[in-house]
Amino acid sequence: DQQVKQNSPSLSVQEGRISILNCDYTNSMFDYFLWYKKYPAEGPTFLISISSIKDKNEDGRFTVFLNKSAKHLSLHIVPSQPGDSAVYFCAASARTPNAGKSTFGDGTTLTVKP
Amino acid sequence: NAGVMQNPRHLVRRRGQEARLRCSPMKGHSHVYWYRQLPEEGLKFMVYLQKENIIDESGMPKERFSAEFPKEGPSILRIQQVVRGDSAAYFCASSPRQGREKLFFGSGTQLSVL
């Protein structure tokens, strides 16, 4: 049973436009969410996070939105740049039993075309 | 300030051999996580360790897999009697404390079982 789902394996957008990556979760115990970016042959790197007490968190070109009632979050990148082309992972964690353990989705490959 | 160091980057083993994957966390980090990524899938949690303690091993296969994080030296993920299905990328991550921390990932070890 996959508790974090990224239903779009891939997304292609034009440079300068908005990229929207989606993530759904099923475990109502999840209350902290993170996005990671991964380039080939490298490990994931942290991008942005959001606590369940918020519905939006913004950092530069990156904004994460959380809809708790729908158990849905999204990552918006605007404007998109070719260097943003990577695999994006959504991750979620619950306070118990292990607050440090994150459950990851399968990732969405973003391609930004010049 | 060195990041999370994993070695080797690539490891080739024949079926039945042992694989040892090493991870040195970032300086000052005492929490280590191991994740496995199978082809076309996301990162699956395996084990969470602190110095000399296994905190959560709920993602570890029951047989052939073990992990340790000794008082001195790197964390070791050990796979005995490897099978082809063990072929995957193994990522180590660290954090300075337990909780809602972003994880710092190494570049991973790509294990190939012939």
Side-chain angles (χ1 to χ4, degrees), chain A residues 1-10 21 23-25 27 29-54 57 59 62 64 66 86-109, chain B residues 2-10 21 23-26 29-51 53-60 67 69 88-110:
Chain A
D1 176 35
Q2 197 163 7
Q3 299 184 62
V4 177
K5 297 180 182 179
Q6 295 177 254
N7 291 318
S8 298
S10 63
L21 296 93
C23 178
D24 298 292
Y25 61 96
N27 188 342
M29 298 296 290
F30 288 148
D31 63 352
Y32 192 73
F33 305 89
L34 310 95
W35 285 92
Y36 289 84
K37 179 169 73 172
K38 184 183 180 303
Y39 293 118
E42 295 183 12
T45 55
F46 171 78
L47 199 55
I48 192 169
S49 62
I50 188 167
S51 165
S52 60
I53 62 173
K54 294 185 175 182
N57 189 26
D59 183 1
F62 303 91
V64 56
L66 175 62
V87 179
Y88 289 78
F89 290 100
C90 170
S93 69
R95 192 167 297 278
T96 59
N98 177 353
K101 167 186 169 183
S102 289
T103 300
F104 283 76
D106 285 349
T108 296
T109 300
Chain B
V4 178
M5 303 300 292
Q6 287 189 250
N7 66 81
R9 287 297 305 272
H10 301 275
L21 289 64
C23 170
S24 296
M26 285 185 71
H29 288 195
S30 59
H31 298 254
V32 166
Y33 302 80
W34 285 92
Y35 284 82
R36 176 167 65 174
Q37 185 181 22
L38 295 168
E40 308 302 324
E41 294 187 13
L43 290 88
K44 305 300 182 188
F45 170 79
M46 299 183 75
V47 63
Y48 163 40
L49 310 104
Q50 283 181 266
K51 285 285 187 181
N53 288 306
I54 296 175
I55 307 301
D56 182 345
E57 56 181 350
S58 59
M60 287 278 271
F69 189 17
Y90 292 82
F91 291 97
C92 170
S94 72
S95 67
R97 53 194 161 266
Q98 186 183 23
R100 308 322 186 95
E101 298 285 340
K102 62 184 179 183
L103 298 178
F104 294 83
F105 282 86
S107 296
T109 293
Q110 181 65 51

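What you are looking at is a predicted structure, and each value in this text was computed from that prediction instead of being measured.
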Minimal non-hydrogen separation, Ala41(A) against Arg9(B), with atom names: O-NH2, 2.8 Å
Checking Tyr35(B), Tyr33(B), Phe45(B) against Ser102(A) for side chain to side chain contact (heavy atoms under 4.5 Å, CB included), the one that qualifies is Tyr35(B)
Pair count under 4.5 Å, heavy atoms only, with chain B: among Pro44(A), Gly105(A), Gly107(A), Ser51(A), highest is Pro44(A)
Interatomic distance, Phe104(B) atom CZ to Phe46(A) atom CZ [nearest 0.5 angstrom]: 8.5 Å
Testing the basics here: between Phe91(B) and Gly43(A), what is the closest heavy-atom pair and its distance to 0.1 Å? CE2-CA, 3.6 Å
So which heavy atom on Lys102(B) is nearest to which on Leu34(A), and how close? CA-CD2, 3.9 Å
Taking side chain to side chain donor-acceptor pair (under 3.5 Å) as the test, write out the residues that go with Asp106(A), two or more places apart. Gln2(A)
Ranked by heavy-atom pairs below 4.5 Å to chain A, first place among Ser107(B), Cys92(B), Ser58(B) goes to Ser107(B)
Should we count NZ of Lys44(B) as having more than 12 external heavy atoms under 6.0 Å? yes
With only heavy atoms counted, which part of Ala91(A) is less than 4.5 Å from chain B, the side chain, the backbone, both or neither? neither
Which bit of Gln37(B) is near chain A, if near means a heavy-atom gap under 4.5 Å: side chain, backbone, both or neither? side chain
Heavy-atom neighbours of Lys54(A) NZ exceed 12 at 6.0 Å: no
